[in-house]
Amino acid sequence: MLDIEWVTYLVYLSMSNQQIKGHLEAMVLAILESGPAHGYSIIESLRSESNGLFDLPEGTVYPALHRLEENGLIKSSREVVDGRERRIYQLVPAGLGSLKESRAAWQAFSSAVSRILVVNPS
Amino acid sequence: MNTIDIYLNELDAKLEMSQRHRRVILNEVREHLLDAATREISLGAPANIAEVNSVKAFGSVQQIAEGFNACEGAKATKQAPFITVVSGVLVFSACLAVAWSQPRNSSVASLFQQVTFFISVLAVQVALVSGLCGASRICSRWKSLESSGRDRVYVRRAMLISLRSLALGVVAISSNLLFDAIHNKNSNRMVIALSILVMISVAATGLLKLSRIKINSLFELEESAITPIPRVFTLGETIIGVIKVHPKVSLLCFATVAGLSAMNKAETNTLQQALPWGIAEVIATLLGFYLLGPVLNLRESHTDSAEII
């Protein structure tokens, strides 16, 4: 019998990089929900949270961050850490709203797939 | 020059945006690559290998530039209709200023004035239709974070047609006004001269700004995810869809309304005198739909000519 975690895992595995990119913004918002972070640490979190499942080039996260900022879902500020200037990203209320929408959409999608795969295992 | 600097130089050459924005991006990428290299070194890798690995993990220059350029293009796409609308409103305001400032003239307009006025009206109609087509596409993708290259090509094409038509309309109405200024002694020549100057400057500036906007980069995303949006935002696209499914019925309706409207607005005394203008408007509508229909995605094309503009 397949459980929900396995179904979610299978859904991820069946996704191409392009499809993962479609969810990248929502995942970045989810990471920023726990607090402000700079690009490198966001990528580290993505890698560790997904157990290395996402095989996206690290650089693809930066255009996503710029898109989110352009659309007013996050904001950035400059900070000097250890003598080096860093750009820190932070979630704003509009981004939190968008994250809630993305979560609801993903839950609806994954539970629909789960129902089909779990109820009708081949 | 080390591997990171070479990578940054290559990326710099492929980024299509302002220098200030490019600098922000390159600084951020440099910081990332240095962080990644430092991490590799802390795990025991030699410095040169660490740099190569950090660049490799970051992604190809082409792929990263594509992502940033698409983001910049999406922003520019939203600016395009703004430029078109501002140009249209300013030209229309200048026309209104002339109309209000001129003394009432009861004599019938000359053929030259009728023809130039007719051309300007046609040009404005084309500008309006193509502008609405482009704006509809933008509205339907308003909440999407990323716009596909295909959408951006369409919006740029529609807006360029719109502004070129507006420019043609400006030339036609300017000729009309100049004719009036020369032949009508009572005309307010100062207002006419000022309005012509404003209209030509606005149309030229709008066209120049729009043609310089970098909506499309060398590397395009063919498709992108579309975020669901309230129906009111997709109303324009729905209407375009209906026109595309029923082109003959739609064209018949448009041509009838346009023809009757032209006859009503023609500065003539009898129905017989107004009829040629009505017929000319119907022919122009049919011709416009035939030529611009595939380009603006209002009807299916049998050739690939729609992709040429």
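Throughout, protein chains are lettered first and strands after them, A, B, ... in sequence-line order, and every chain is numbered starting at 1. Nothing here was measured: the structure is a model prediction, and the numbers come from that model.
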Check B/G59 against A/P57 and note the closest heavy-atom contact, atom names and distance.
-> CA-CB, 3.6 Å
d(A/I43 CD1, B/D35 CG) to nearest 0.5 Å is 9.5 Å
Distance, nearest 0.5 Å, that separates CG of A/N71 from SG of B/C71 | 8.0 Å
Which heavy atom of B/G67 sits nearest a heavy atom of A/P63, and at what distance?
-> C-CB, 3.6 Å
Can you say whether B/L34 sits under 4.5 Å from chain A via the side chain, the backbone, both, or neither, judging by heavy atoms?
-> both
What are the two closest heavy atoms between A/T60 and B/I64, and how far apart are they?
-> N-CD1, 3.7 Å
Hey, which of A/H38, A/R87, A/R86, A/E58 is the one that makes side chain to side chain donor-acceptor pair (under 3.5 Å) with B/H32?
-> A/E58
Evaluate the side chain to side chain contact (heavy atoms under 4.5 Å, CB included) criterion for residues B/V24 and A/R78: first the C-alpha distance (whole Å), next the side-chain angles of each, then the deciding distance (0.1 Å), finally the verdict.
-> CA-CA 11 Å; B/V24 169; A/R78 287 185 206 171; 4.1 Å; yes
Name the orientation class of the two ring planes belonging to B/H21 and A/H66 (parallel below 30°, tilted from 30 to 60°, perpendicular beyond 60°).
-> parallel
Rounded to the nearest 0.5 Å, how far does CD of B/E28 lie from OH of A/Y89?
-> 3.0 Å
